[in-house]
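I have placed the structure first, in the form of structure tokens, so that the comments after it can refer back to it.
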Amino acid sequence: MSDDLLARAQAAAERAYAPYSHYLVGAAIRARNGRVYEGVNVENAAYPLGICAERTAIASAVVDGCRPGDLIEIAITASPCGGCRQWLHEFRLEQVRFPKADGEVVSYTPAELLPETWDLPG
Ligand code: THU
């Protein structure tokens, strides 16, 4: 994965709406159609209603017509939470790139991030 996608995620993070945690997260997805979809975390005064950057990026891609298998790679400014790992699995991202807490940038497949992933039976 090229670092320009991570740069897009970092730029997007500045537009996050996180007045409660003050923790700004950005994500950028490269799709097979060549487009890049950005996302940020969007919080709410009713805390559990907030949504992560990865999910807003995937939702943006879906609004544009993308479906599972259409999204190649995602860069995130932070390690993805457990729920977002399930979303990355659902949309069959191929590579997930983010900086660890110590700053080292790492790349994983969704299967590496969420082994023995749950799927709807049948
Ligand atoms: N957050 C994300 O946007 N992505 C993650 O994978 C981890 C957490 C956001 C949610 C919340 O707005 C803030 O980070 C603090 O938890």
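We count ligands from 1, going down the list as the structure has it; atoms in each ligand are counted the same way.
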Should R92 and D70 count as an ion pair when the cut-off is N to O under 4.0 Å?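 Salt bridge between R92 and D70, a charged N being under 4.0 Å from a carboxylate O: no.
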Can E38 and R8 be counted as an ion pair, charged N to O under 4.0 angstrom?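 Salt bridge flag = yes for R8 with E38.
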Please step through side-chain contact (heavy atoms from CB on, under 4.5 Å) for the pair Q86 and L88, ending with a clear verdict. CA-CA 5 Å; Q86 188 75 38; L88 298 172; over 6 Å; no
Regarding [X] and [Y], is there a side-chain donor-to-acceptor distance under 3.5 Å anywhere?
X   : Y    : result
Q95 : T109 : no
N41 : Y23  : no
R35 : S60  : no

Who gets closest to atom 12 (O) of ligand 1 by heavy atom: R55, H22, E43, E54?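 Closest candidate by heavy-atom distance is E43.
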Geometry only, no angles: is C81 polar-contacting ligand 1 at N/O separations under 3.5 Å?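 Yes, at least one N or O pair falls under 3.5 Å.
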N/O of A53 under 3.5 Å from N/O of ligand 1, yes or no?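 Indeed, backbone or side chain, A53 has an N or O that close.
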For [atom], what is the nearest protein heavy atom, given as residue, atom name and distance?
atom                    : answer
atom 14 (O) of ligand 1 : Y23 CD2, 3.3 Å
atom 9 (C) of ligand 1  : N41 ND2, 3.6 Å
atom 8 (C) of ligand 1  : C52 SG, 4.0 Å

Could a heavy atom of A27 be found less than 4.0 Å from some atom of ligand 1?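 A27 does not count as a contact of ligand 1 under the 4.0 Å cut-off.
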Check contact between P80 and ligand 1, using heavy atoms of the residue and a distance below 4.0 angstrom.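 A heavy atom of P80 does come that close to ligand 1.
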Which value, rounded to the nearest 0.5 Å, describes the distance between I74 atom CD1 and R97 atom CZ?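 The CZ atom of R97 is 13.0 Å from CD1 of I74, to the nearest 0.5 Å.
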Looking at atom 6 (O) of ligand 1, tell me if a protein heavy atom falls under 4.0 Å from it.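 Yes, there is one.
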Contact atoms of ligand 1, heavy-atom distance to S21 under 4.0 Å: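 Result: 13 (C), 15 (C).
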Going by the order shown, which atoms of ligand 1 are within less than 4.0 Å of some heavy atom of S79?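 Answer, ordered by atom number: 6 (O).
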